[in-house]
There are 2 protein chains.
Amino acid sequence: MPITIKDVAEHAGVSVSTVSKVLNDWKTISQSTKDKVNNSIKELNYTPNSRAVSFARGNTRNIIYLTSLSKDEAYTNPHMFDIMCGVFTRLASGGYTMTLMDISDDIHPKETVAGIIARKSADGIVIHGSVINEDIANLIISNSFPHIVIGHPDFNERLCWVDTNHLLAGQYAAEYLSQRDVSPVSFIGGKRTEFISHERERGFRTIMLKYHKKIPPEYVIHTSSTWEEGYAAAKKLLSMKEAPKAIVCENNTLAVGAAKAISEMGLKVPDDIFFLTFDIYPYTTIIDPKPTIININVYDMGLQAADMIIRKIDNPSLMIQSYTTLPEIVES
Amino acid sequence: MPITIKDVAEHAGVSVSTVSKVLNDWKTISQSTKDKVNNSIKELNYTPNSRAVSFARGNTRNIIYLTSLSKDEAYTNPHMFDIMCGVFTRLASGGYTMTLMDISDDIHPKETVAGIIARKSADGIVIHGSVINEDIANLIISNSFPHIVIGHPDFNERLCWVDTNHLLAGQYAAEYLSQRDVSPVSFIGGKRTEFISHERERGFRTIMLKYHKKIPPEYVIHTSSTWEEGYAAAKKLLSMKEAPKAIVCENNTLAVGAAKAISEMGLKVPDDIFFLTFDIYPYTTIIDPKPTIININVYDMGLQAADMIIRKIDNPSLMIQSYTTLPEIVES
DNA sequence: CTGAAAGCGCTTACAG
DNA sequence: CTGAAAGCGCTTACAG
């Protein structure tokens with residue numbers, strides 16, 4: 001038979017409402033009653049039933065994190081989990097719990113989200129950019145449901161979001177090389193159709209252009225993101241008559257291959273060649289020679305996301321807002 | 001003003017209890033009333049308030065996943081998240097939600113767990129082996145709280161757990177080599193104090209012994225788990241007068257270094273040398289030459305864990321049980 | 001500063 | 001097969 005608020009009230013010789021007020025820190029309660037009640041709570045080892053609290057209060061202090069959680073997701077997309085840890089940590093410190101929800105093999109994702117809102121199973125929702133669609137976005141907006149999207153959605157402008165800035169990351173890479181007056185430079189990129197790859201390259205080109213440094217077409221290679229292709233691309237670049245003085249790999253996997261090529265050809269970094277890539281994980285810690293890394297702290301982005309959603313819940317009239325996490329340069 | 005069960009009852013011209021019975025699929029309800037009620041539900045677009053349901057029923061259909069969720073955890077310990085995805089998926093299909101909880105910088109973890117139990121914020125708990133201690137274990141057992149531990153705890157024997165079997169994985173490696181009559185073999189392991197490392201080595205030795213194949217001490221190297229150390233160890237082994245015909249690396253990172261050594265020395269796998277390691281992730285997909293991998297499907301372990309806890313909840317008198325996930329050999 | 005009472009939206013014996 | 005009513009354990013106007 002678990003202890004309820006009624007037991008505490010009887011034990012302390014006060015009413016149930018008074019106990020509740022002590023529990024909720026009302027300032028109208030006298031110190032002496034507070035002490036009495038708190039003593040009884042301690043003596044009876046009482047803990048409020050969170051189901052009853054949540055029901056009576058009409059809020060859950062729970063946030064749903066909506067994403068895709070398939071097998072091997074943790075290996076193929078560790079960043080998503082790092083973001084999640086950031087979101088979680090800040091939510092927890094704000095007194096919120098976080099419930100995971102998977103939408104990856106959901107045939108009616110819109111109905112799932114509608115259900116969350118209708119059945120009030122959470123006070124707000126964090127949605128990973130890969131699982132949101134326009135229907136869901138409109139549903140959230142029309143219900144004014146507190147939310148935050150991880151990744152800048154390209155529909156519904158009234159959504160609240162946080163994102164990384166890959167364009168800027170590309171620019172950082174170019175600035176880094178320009179400041180050191182490195183020339184010529186080369187770039188190994190993923191398929192042009194990949195958004196992140198495209199942004200990084202675009203940013204890179206923008207800055208090179210700004211400094212009037214041309215990148216001849218043959219110094220730019222687009223390929224699929226396997227280490228073998230990265231290796232082949234780097235080999236090709238380094239064998240040219242005027243070999244580049246820098247290789248920028250658009251992603252980690254390509255950098256694995258490029259490193260192999262650099263090391264095979266006996267080149268030293270950075271004396272013979274500058275070597276840059278993006279993201280610390282998953283591979284740069286084991287890449288030899290060590291590249292200079294343009295990294296984005298996505299854990300921090302998660303913290304910011306949680307901050308924003310808590311503020312939205314506390315203050316529903318808050319304007320839409322967005323937040324972009326800046327890149328950082330890491331020399332390893 | 002949200003729609004409640006009362007609105008549905010009025011609209012359908014029945015009592016609240018009848019609506020509830022329809023909602024909960026009682027078999028005593030006539031088809032005609034069922035239809036009437038279901039129509040009203042649809043027309044009013046009614047969804048039960050989950051807070052009220054949970055409160056009235058006295059259960060949450062929610063499970064807490066207790067672990068450590070720090071920054072970079074996703075990169076340094078992706079397996080934990082793969083397990084989590086497995087747990088989550090099975091819980092979701094069983095109609096349970098899963099709430100994350102972090103205990104990494106909790107000064108009073110025992111009180112946190114006591115709180116979960118006391119305030120009934122979940123019907124059960126999944127605890128990652130890295131965050132459980134004897135106090136928590138005893139608390140859970142004495143409250144008969146439905147639980148499952150990820151990883152075999154070495155205290156309280158009445159705990160319910162699932163685990164991988166690293167000893168067996170080591171044995172698989174040895175069997176693999178014995179069947180191919182490879183000799184002599186060498187082993188590069190992490191520090192002896194690391195449990196997983198130790199188990200894998202122990203399993204490996206057991207089987208080698210069984211086939212009366214000795215592993216001379218100089219063919220076994222213990223080192224710290226960096227790729228540089230793995231490289232150095234492999235170099236040393238491969239330069240011996242009677243070079244080993246197989247290198248078994250106790251972990252992924254060591255294998256990165258060993259691969260580098262093998263490839264530098266121009267050896268072909270498996271013609272010149274057999275090359276084995278454990279776990280597919282994080283690195284084996286980019287290791288060249290490709291090792292043979294003894295892998296453990298931890299996602300599946302997560303599925304099993306969720307299964308067990310659901311059964312425990314449905315049937316509290318269920319005996320303690322445990323489950324071990326078997327390794328598999330992957331040729332890449 | 002404190003308490004009696006209504007209410008949150010369901011579920012579930014129990015009676016019919 | 002259906003319904004009236006009690007109850008789950010809190011919170012919160014409202015009255016005093």
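Each chain gets a letter, A, B and so on, in the order the sequences are listed, and its residues count up from 1. Computed over heavy atoms, backbone and side chain alike; hydrogens, waters and symmetry mates excluded.
- Stacking between A:Phe55 and C:dC8 is shown: the ring centroid lies under 5.5 Å from the centre of the six-membered base ring, and the planes differ by under 30°.
- Rounded to an integer number of Å, the gap from A:Arg57 CZ to D:dT12 C1' is 12 Å.
- The structure places OG1 of B:Thr67 at 12.5 Å from CE of B:Met101, a figure rounded to the nearest 0.5 Å.
- The aromatic rings of B:His152 and B:Trp161 sit parallel, their planes meeting at an angle under 30°, below the 60° perpendicular limit.
- Between A:Leu23 atom CG and D:dT11 atom C1' the separation is 11 Å, expressed in whole Å.
- Here B:Tyr46 reaches the OP1 or OP2 of C:dC10: one of its side-chain N or O atoms lies under 4.0 Å away.
- Taking atom NZ on A:Lys27 and atom P on C:dC1, their separation rounds to 11 Å, with Å as the unit.
- Phosphate proximity of C:dT2 to A:Thr33: present, with a side-chain N or O under 4.0 Å from OP1 or OP2.
- Of all nucleotides listed (C:dG9, D:dT12, D:dT2), D:dT12 comes nearest to the side chain of A:Ser17.
- Using modelled atom types, no side-chain atom of A:Asn77 and backbone atom of A:Glu73 make a donor-acceptor pair closer than 3.5 Å.
- Nucleic acid contact class of A:Ser30 (heavy atoms, under 4.0 Å, all strands): sugar-phosphate only.
- Residue contacts shown for B:Val16 include a base, since a base heavy atom lies under 4.0 Å away.
- Listed nucleotides C:dT2, D:dT11, D:dG3 differ in distance to B:Lys21; the shortest reach to its side chain belongs to D:dG3.
- Between the side chain of B:Asn315 and the backbone N or O of B:Arg311, no donor-acceptor pair lies under 3.5 Å.
- In the set D:dC10, D:dG9, C:dT11, the nucleotide with an atom closest to the side chain of A:Pro48 is D:dC10.
- Stacking of A:Arg61 on the aromatic ring of A:Tyr96 is recorded, both the 6.0 Å distance cut-off and the 45° axial limit being met.
- Taking the side chain of B:Ile29 as heavy atoms from C-beta on, and the options D:dT2, C:dT2, D:dT11, the nearest nucleotide is D:dT2.
- Between A:Ala56 and B:Gln31, the one whose closest nucleotide on DNA chain D sits nearer the 5' end is B:Gln31.
- Closest to the side chain of A:Asn49, from the set C:dT11, D:dT2, D:dC10, is D:dC10.
- Rounded to an integer number of Å, the gap from A:Asp7 CG to D:dG9 C1' is 11 Å.
- A donor-acceptor pair is defined here as one N or O able to donate and one able to accept, closer than 3.5 Å; no such pair exists between the side chain of A:Asp82 and the backbone of B:Ala74.
- Looking at the side chain of B:Thr28, the nearest of the listed nucleotides D:dC1, C:dC10, C:dG9 is D:dC1.
- A distance-only check finds a donor-acceptor pair linking the side chain of A:His147 to the backbone of A:Cys160 [under 3.5 Å].
- Here A:Ser54 lies out of heavy-atom contact (under 4.0 Å) with every strand.
- Proximity of A:Ser15 to the phosphate of C:dG3: a side-chain N or O atom is located under 4.0 Å from OP1 or OP2.
- For the pair B:Thr18 and D:dT2, the criterion of a side-chain N or O lying under 4.0 Å from OP1 or OP2 is not met.
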Exercise. If you write DNA chain C from 5' to 3' in dot-bracket form, with Watson-Crick or G-U pairs under 3.5 Å, [ ] for crossing pairs and | for pairs with another strand, what do you get?
Worked result: |||.||||||||.|||

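- Atom P of nucleotide D:dT12 and atom CG of A:Asp25 are separated by 13 Å, given to the nearest angstrom.
- Residue A:Lys6 is classed as having no contact, given no heavy-atom separation below 4.0 Å to the nucleic acid.
- Counting any heavy atom pair closer than 4.0 Å across all strands shown, B:Ser20 reaches a base atom.
- Here A:Thr4 does not reach the OP1 or OP2 of D:dC8: none of its side-chain N or O atoms lies under 4.0 Å away.
- The aromatic rings of B:Tyr75 and A:Tyr281 sit parallel to each other, their planes meeting at less than 30°, with 60° as the upper class boundary.
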